[in-house]
Amino acid sequence: MEEIRKFVDEMMVWAGVSGDSVPVLRHLLLTVTAILLAIISDFLCRKILVPLISKITEKTEASWDDVLFNKKVLNSACHIVPAVVIWSLMPLIYLEYPIFKEILERATGIYIVVMSVRTVLVFIGSFKGLEDAKDRRSSAQQYFHTFCGVLRVLMLFVAGVVVVAILLGKSPLTLFAGLGATSAVLMLVFKDTITGLASGVRLTSNDMLHKGDWITVKSVDANGIVEEMSLTTVKVRNFDNTIVTISPTTLVNGSFQNWIGMQNSGGRRVKRLVYFDFRSIRLVDDLLKQKLISKHFATEDSFKLKESLQKALEKDRQEGKDIEDLKNPAALAPTNLQLYRKFMEKYLRQRPEINTELTLMVRHLEATQCGLPIEFYFFIKDKVWVNYEHILADIMEHAYALANEFELKIYEQYPEQ
């Protein structure tokens, strides 16, 4: 820059400029020169350096360099170069105007800090491109995403302190040392933000939630897929396409249901109750027996005593016990509900949509004033919501219709007129 000053002075002498206008014209020419150098440096970075780096990253086999050193990051870094040029030339240009020089140096310093932080934030944001093209983040990806969020907050905080230090003309270390005395006030002012940060870290570190999980949060009427998860917010798209934004503090302090266990399992559970009228439950007579056998809802073996019961009766006879009450065939006849339960379990096991390796049963629950509840408990292989509901509806419709074949009546409560 000293050579440039000499060159400008020689040009003014050659042009015959003299008197009081010399300092003004010198500073004006030096300012224009500095601006031109800054523009040229920005042009060289954007038009030569950025394309060169992009070509180098494209030729490498690794994909991470294409993501981290993308054009957005490089262009943001190029905006710092002109400011650095101005900053280095400032002391020589305005050497005779210290006040003006001080103001411009502080303004340029603030610009450099802001653009540097912006470049770092863009660089951190580019890490999202390294994630797999899956709908759900892995634990490592989610933890890294949370770490990036903490790093963003830390960078903004440090940048704020440095900008204030530049404005006040003090060392940033002095301000950092003075923050200890005001930490209580800062914690009170940023209480919600700090609590949200802590909750977000807990969600990630304890592997409680990931992007792509299906969650249900009854307290805020959320039931859908986690679309985005940051340190301070969790964005959920409900199945009706509404968006619910939840604070991590709400999830940590309250309760929520994560369906990822079901999504990773071998099937989605069905747990349905059907209430039967007590008056329709009866012993099977010959007429009903023949009807069920003819329609292949039962076999002759269904009406035979179980082997265990036969052995017990034979043992009692040998011991001379009185089993007079059991000599009546009707006393040991199966009930229509018993045959219905056995047939429905067999029906469920034969359905290809049912995962028979998981729990499958048709069982009694405690009797109620609305009838005897029979629970259908099984797992459907297809966990996609629409497919699951269609399969479930088809199975339960058959369960309702087949009850009539066994002369069972499903309890109905008619609304008051």
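All values derive from a computational prediction rather than experimental measurement.
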Salt bridge present between [X] and [Y] (N-O < 4.0 angstrom):
X    : Y    : answer
K295 : E405 : yes
R363 : E375 : yes
R268 : D382 : no
R237 : E227 : yes

Report task. Quick one: sort the Y377 and F379 rings into parallel, tilted or perpendicular, breaks at 30° and 60°. Result -> perpendicular
Query raised in the report: According to the interplanar angle, ranging from 0 to 90°, do the rings of F239 and W385 count as parallel (below 30°), tilted (30 to 60°) or perpendicular (above 60°)?
Result: tilted
Query raised in the report: Does the ring center of Y340 lie less than 6.0 Å from the ring center of F406?
Result: yes
Report summary line: Here the pair of heavy atoms bringing P82 nearest to D42 is CG-CB, 3.4 Å
Query raised in the report: Below 4.5 Å, heavy atoms only, C-beta onward: do F256 and I246 meet side chain to side chain?
Result: no
Query raised in the report: Side-chain contact, heavy-atom cut-off 4.5 Å: L121 with R118?
Result: no
Query - cation_pi(R272, F376) dist<6.0 Å, angle<=45 - result: no
Requested in this report: Mind running side-chain contact (heavy atoms from CB on, under 4.5 Å) on T299 and L292 for me, showing each step along the way?
Outcome: CA-CA 8 Å; T299 62; L292 294 176; over 6 Å; no
